[in-house]
Amino acid sequence: MNQKPSIPKGTRDFSPEEMTKRNYIFDTIKSVFRLYGFQQIETPAMENLSTLLGKYGEEGDKLLFKVLNSGDFLSGISDAELLERNAARLSGKICEKGLRYDLTVPFARFVVQNRDKISFPFKRYQIQPVWRADRPQKGRYREFYQCDADIIGSNSLFNELELIQIIEEVFCRLKINVCIKINNRKILSGIAEYIGEPEKLTDITTAIDKIDKIGIENVNEELLSKGINREALGKLQPLLQLKGSNQEKLAQLKALLFESAAGMKGITELETIFDLCEKANVCVPIELDLTLARGLNYYTGAILEVKALDVEIGSISGGGRYDNLTGVFGWEGVSGVGVSFGADRIYDVLYQLQLFPEISAEQTKILFVVFGEKELKFSLQWAQALRKENINTEIYAEPSKLKKQLGYADNKKIPFVAIVGENEMQEGKITFKNMATGEQQMISLEELIQRLKS
RNA sequence: GUGGUCGUAGCUCAGCUGGUAGAGCGUCGGAUUGUGGUUCCGAAUGUCGCGGGUUCGAGUCCCGUCCUCCACCCCA
């Protein structure tokens with residue numbers, strides 16, 4: 001036997017049925033992006049490794065897929081270097097390219113490289129796969145799609161509002177009930193200052209990000225192990241357990257963080273965003289959640305996350321503001337804010353809640369069933385006439401038995417067939433059969449078109 | 001990267017304390033040479049993930065390896 005075919009770990013094939021469902025998601029997201037004036041770009045699957053390395057932290061570098069140089073990639077390598085067996089060092093010499101890890105860094109590269117052609121603020125969207133050499137598990141893959149929309153080159157909090165409106169519109173169209181969790185990186189900095197551990201900001205945020213998952217005790221334990229002292233931990237506790245409406249939470253925060261300039265700035269930003277949402281009649285519930293940190297270190301202002309209300313799953317979208325994204329590529333001080341929709345998780349939500357619509361538009365409407373070569377040629381003109389009317393039409397390409405051809409229509413859920421035989425050709429008609437009811441009737445081309453269009 | 005788990009027909013799986021490989025679904029053919037979705041009859045298909053070991057004999061036991069899935073780290 002031949003070798004059994006397989007695909008790489010963490011990758012997936014998508015069947016026609018899955019693709020119509022996935023396209024429903026992508027098309028919905030795309031149309032909302034366009035509604036707000038975002039323009040699509042694409043960037044290559046491969047970037048130069050120098051573009052990617054060092055942008056995602058040490059862990060991130062390990063998760064990059066590297067592409068081996070073409071040709072004799074060992075030509076410049078000495079025996080000594082080979083014997084050293086230093087994989088990291090060696091890979092730097094034999095790999096110049098890598099698969100993109102997200103869409104944000106390539107976007108930053110794109111902006112810097114094309115700054116002369118772009119007019120700012122630049123609103124772009126991008127829907128492409130990204131790759132991570134992670135170990136796959138439930139809902140996590142080595143190849144997956146991101147749907148990003150970013151506004152770059154504007155500090156206005158109006159942009160944050162726009163992203164919230166986009167989130168609202170997308171999930172409204174998909175009929176998913178969601179709640180937006182919002183936080184602000186500056187408030188987190190303020191908190192770190194307030195408890196006297198400003199240097200430990202990253203440790204603090206990644207720890208409290210897990211509060212839902214591992215509970216407050218374990219978070220405290222982790223913070224202790226990271227070197228946060230007990231006094232600081234004590235000051236942190238009331239902040240982790242803030243209760244009440246957004247306004248109430250903000251009031252309490254103000255009372256605690258009044259000495260921190262950053263913290264107060266974050267609070268003001270949030271107040272402005274809440275106010276704008278009210279003016280814009282945003283209806284989705286938006287909840288201030290201080291435990292929302294998101295792993296990404298480049299966020300500097302608002303942090304957003306979207307949770308589905310009717311199904312137990314992690315966040316289905318996220319985003320935030322980042323200042324100076326393009327700084328690493330030599331262009332300082334460009335601020336942006338973006339949102340990313342997690343297509344795979346949205347798929348799971350729609351699947352679990354059975355919210356996928358019946359999509360029949362792209363399905364074949366009628367199949368020509370034929371008995372021989374002559375009938376095949378006869379059908380050709382009919383099929384062309386139908387296609388001219390925008391009716392999805394197929395001709396069964398070989399004169400197999402009727403049983404087989406009808407079985408094909410059945411499996412493919414084609415609602416109508418046109419049976420073409422000698423009798424039909426003599427009369428210049430076809431036998432029109434409704435697969436659901438079994439009714440059939442000989443009719444002319446004009447009548448056929450009329451029936452299929454109604 | 002750490003820990004666990006799985007692998008038998010195209011798919012889902014059964015296969016006892018070791019004794020020559022099984023079912024359902026699907027596929028193909030026929031009942032029905034111009035009528036599908038229902039029914040009935042028949043047929044084809046396997047290096048039992050791969051490599052080694054124990055044994056007279058291994059799908060079954062042992063070791064290794066790869067793969068799948070799950071959890072952790074991290075992340076979408």
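Computed over heavy atoms, backbone and side chain alike; hydrogens, waters and symmetry mates excluded. If you're wondering where the values come from, they're calculated on a predicted model, not measured in any experiment. Sequence lines set the chain letters: A, B, ... in the order given, protein chains first and strands last, and positions in each chain run from 1.
Look at CD on A:Glu424: it is 11 Å from C1' on B:U35, rounded to the nearest Å. Rounded to an integer number of Å, the gap from A:Glu143 CD to B:A76 P is 17 Å. The CG-P distance, from A:Asp348 to B:A76, rounds to 17 Å in whole Å. Rounded to whole Å, the distance from CD on A:Glu59 to C1' on B:U2 is 12 Å. Whole-Å rounding puts the A:Phe432 CZ to B:G36 C1' distance at 15 Å. Following rounding to the nearest Å, A:Trp131 (CH2) and B:A76 (P) show an atom-to-atom distance of 17 Å. Here B:G36 presents its P atom at 16 Å from CG of A:Asn434, a figure rounded to the nearest Å. Taking atom CG on A:Leu406 and atom P on B:G37, their separation rounds to 9 Å, with Å as the unit.
A cation-pi geometry, defined here as NZ or CZ lying under 6.0 Å from the six-membered ring centre and within 45° of its normal, holds between A:Arg22 and A:Phe14.
With both ends at atom C1', the span from B:U47 to B:U38 equals 40 Å, rounded to whole Å. For the P atoms, the distance from B:G29 to B:C67 is 39 Å, rounded to whole Å. B:C41 and B:U32 are spaced 13 Å apart, taking the C1' atom of each and rounding to whole Å. One P atom belongs to B:G7, the other to B:C40, and the distance between them is 32 Å to the nearest Å. Nucleotides B:G15 and B:C61, compared at atom P, are 12 Å apart to the nearest Å. Between the C1' atoms of B:C73 and B:G24, the separation comes to 42 Å (whole Å). Annotation: B:C50 and B:G37 have their C1' atoms spaced 43 Å apart (nearest Å). Rounded to the nearest Å, the gap between the P atom of B:U39 and that of B:G26 is 9 Å.
The pair A:Glu18-A:Lys21 fails the salt-bridge criterion, with no side-chain N (NZ, NE, NH1 or NH2) lying under 4.0 Å from an Asp/Glu carboxylate O. Of the charged side-chain nitrogens involved, at least one lies within less than 4.0 Å of a carboxylate oxygen, so that A:Lys123 and A:Glu162 count as a salt-bridged pair. A salt bridge links A:Glu222 to A:Lys210: at least one charged side-chain nitrogen sits closer than 4.0 Å to a carboxylate oxygen.
Taking every side-chain heavy atom of A:Lys210 into account, B:C73 is the closest of B:C70, B:C73, B:A76. Comparing B:C70, B:U35, B:G36 by their closest approach to the side chain of A:Lys403 singles out B:G36. The A:Gln146 side chain lies nearest to B:A76 when the options are B:G36, B:A76, B:C70.
At a threshold of 4.0 angstrom between heavy atoms, the contacts of A:Gly60 with the nucleic acid are absent. In this structure, A:Asp344 reaches neither bases nor backbone, as no heavy-atom distance under 4.0 Å exists between it and the strands shown. When heavy atoms are screened at a 4.0 angstrom cut-off, A:Ala343 is found touching no nucleic acid atom at all. Nucleic acid contact for A:Tyr408: none, since no nucleic acid atom lies under 4.0 Å from a heavy atom of the residue. As judged by a 4.0 angstrom heavy-atom cut-off over every strand, A:Gly342 is placed among residues making no nucleic acid contact. Using a 4.0 Å heavy-atom cutoff across all strands shown, A:Lys433 reaches at least one base atom of the nucleic acid. A:Arg140 comes within contact range of at least one nucleobase, with a heavy-atom separation under 4.0 Å. Residue contacts shown for A:Lys413 are absent, as no nucleic acid heavy atom lies under 4.0 Å away. A:Ile316 comes within 4.0 angstrom of no nucleic acid atom, judged by non-hydrogen atoms across all strands.
Nucleotide B:C25 is matched to B:G10 when pairs are restricted to Watson-Crick or G-U wobble geometry with both distances under 3.5 angstrom. A 3.5 Å limit on both hydrogen-bonding distances identifies B:G30 as the Watson-Crick or G-U partner of B:C40. Nucleotide B:U35 forms a pair with no other nucleotide shown, judged by Watson-Crick or G-U wobble geometry with both contacts under 3.5 Å. B:U20 makes up no base pair with any nucleotide shown, lacking Watson-Crick or G-U wobble contacts both under 3.5 Å. B:C61: Watson-Crick or G-U partner is B:G53, with both key distances under 3.5 Å. B:U2: Watson-Crick or G-U partner is B:A71, with both key distances under 3.5 Å.
Side-chain N/O atoms of A:Arg132 and base N/O atoms of B:C74 include no donor-acceptor pair closer than 3.5 Å. One N or O donor and one acceptor, one from the side chain of A:Gln440 and one from the base of B:U35, sit under 3.5 Å apart. Side-chain to base pairing of A:Gln405 with B:G34: no donor and acceptor N or O lie closer than 3.5 Å to each other. If you check distances only, the side chain of A:Asn411 never reaches the base of B:G37 with a donor-acceptor pair under 3.5 Å.
Taking the nucleotide of RNA chain B with the nearest heavy atom to each of A:Leu63 and A:Glu439, the more 5' of the two is matched to A:Glu439. When each of A:Ile7 and A:Phe144 is assigned the nucleotide of RNA chain B bearing its nearest heavy atom, the one mapping closer to the 5' terminus is A:Ile7.
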Identify each donor-acceptor pair in which a side-chain atom of residues 440-449 of chain A lies under 3.5 Å from a protein atom, sequence neighbours left out, and give them as a table.
from, atom 1, to, atom 2, distance (Å)
A:Gln441, OE1, A:Arg451, NH1, 3.4
A:Gln441, OE1, A:Arg451, NH2, 2.7
A:Ser444, OG, A:Glu447, N, 3.4
A:Glu447, OE2, A:Arg451, NH2, 3.4

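Of the options A:Phe33, A:Tyr125, A:Tyr145, a ring pair (Phe, Tyr, Trp, His ring centres under 6.0 Å) to A:Phe26 is made by A:Tyr145 and by none of the others.
A stacking contact between A:Phe371 and B:G34 is absent: the pair does not combine a ring-centre distance of less than 5.5 Å to the base's six-membered ring with planes differing by less than 30°.
Not one side-chain nitrogen or oxygen of A:Lys401 sits closer than 4.0 Å to the OP1 or OP2 atom of B:U32. Contact between the side-chain N/O atoms of A:Gln137 and the OP1/OP2 oxygens of B:C70 is not found at any separation under 4.0 Å. Within the 4.0 Å cut-off from OP1 or OP2 of B:U68, at least one side-chain nitrogen or oxygen of A:Lys9 is found.
Counting all heavy atoms, side chain and backbone alike, A:Tyr56 lies closest to A:Pro106 at OH-CD, 4.3 Å.
In this structure, a donor-acceptor pair under 3.5 Å is absent between the side chains of A:Lys404 and A:Tyr408.
Annotation: ring pair (Phe, Tyr, Trp, His ring centres under 6.0 Å) contacts of A:Phe110 (sequence neighbours excluded): none.
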